[in-house]
Amino acid sequence: MVLTIWENVLVPGMLQTAEYARHVLTRHAILMQSPRDTEDTVRARIQRQAGLYESGGRYRILMWGVPLWVWSR
């Protein structure tokens, strides 16, 4: 798997913890007035992370530091 990600606002989906993803998805659903399928989406997102642990993968992830700094407060 080759994964190239650029994200300047949020932690990329495949790197999010369940808690972080739950918060982001809940806020997005409220903002967009969309259906709340948060738990199913969080579960699917975490399952996709399994690919990160398979051998032979190459990853290029460029992320601005602000998402890490803001959420660590």
Side-chain angles (χ1 to χ4, degrees):
M1 171 189 338
V2 174
L3 179 64
T4 302
I5 298 172
W6 158 250
E7 181 58 69
N8 66 338
V9 178
L10 299 171
V11 172
M14 287 195 62
L15 302 178
Q16 293 176 358
T17 64
E19 181 182 6
Y20 182 97
R22 191 173 291 109
H23 178 81
V24 169
L25 293 165
T26 298
R27 296 295 176 232
H28 185 264
I30 291 168
L31 176 67
M32 303 307 287
Q33 298 178 352
S34 60
R36 290 276 194 92
D37 56 351
T38 304
E39 290 308 313
D40 291 338
T41 306
V42 169
R43 203 170 9 264
R45 187 165 288 185
I46 298 304
Q47 287 174 348
R48 280 194 299 271
Q49 288 179 355
L52 295 174
Y53 300 98
E54 294 174 3
S55 64
R58 289 185 23 190
Y59 311 104
R60 285 184 222 129
I61 301 168
L62 180 59
M63 185 171 67
W64 195 35
V66 170
L68 299 176
W69 182 76
V70 169
W71 288 97
S72 68
R73 301 180 94 199

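Along the sequence shown, residues carry numbers from 1. Values reported hereafter were calculated over all heavy atoms of this structure, with side chains retained and with hydrogens, waters and symmetry mates removed. Bear in mind the structure is a predicted one, so any value in this text is a computation, not a measurement.
Within the hydrophobic cluster formed by Ile, Leu, Val, Met, Phe, Trp and Tyr side chains joined at under 4.5 Å, directly or through other members, L25 is accompanied by V42, I46.
Under the salt bridge (Lys or Arg N to Asp or Glu O under 4.0 Å) criterion, the residue pairs touching residues 15-27 are R22-E39, with sequence neighbours excluded.
Connection of V9 to V11 is established within a shared hydrophobic cluster, with ILVMFWY side chains joined at heavy-atom distances below 4.5 Å, either directly or through further cluster members.
What you find for P35 and A29 is that their closest heavy atoms are O-CB, 4.1 Å.
Put simply, the side chain of Q49 never gets that close to the backbone of T17: no donor and acceptor are under 3.5 Å apart.
A heavy-atom distance below 4.5 Å is found between the side chains of Y20 and L10.
Atom-to-atom distance recorded for R43:CZ and T41:OG1 is 9.0 Å, nearest 0.5 angstrom. R45 contributes atom CZ, which lies 10.5 Å from atom CG of L15 (distance to the nearest 0.5 angstrom).
With sequence neighbours left out, the salt bridge (charged side-chain N to carboxylate O under 4.0 Å, His left out) criterion links R36 to no other residue.
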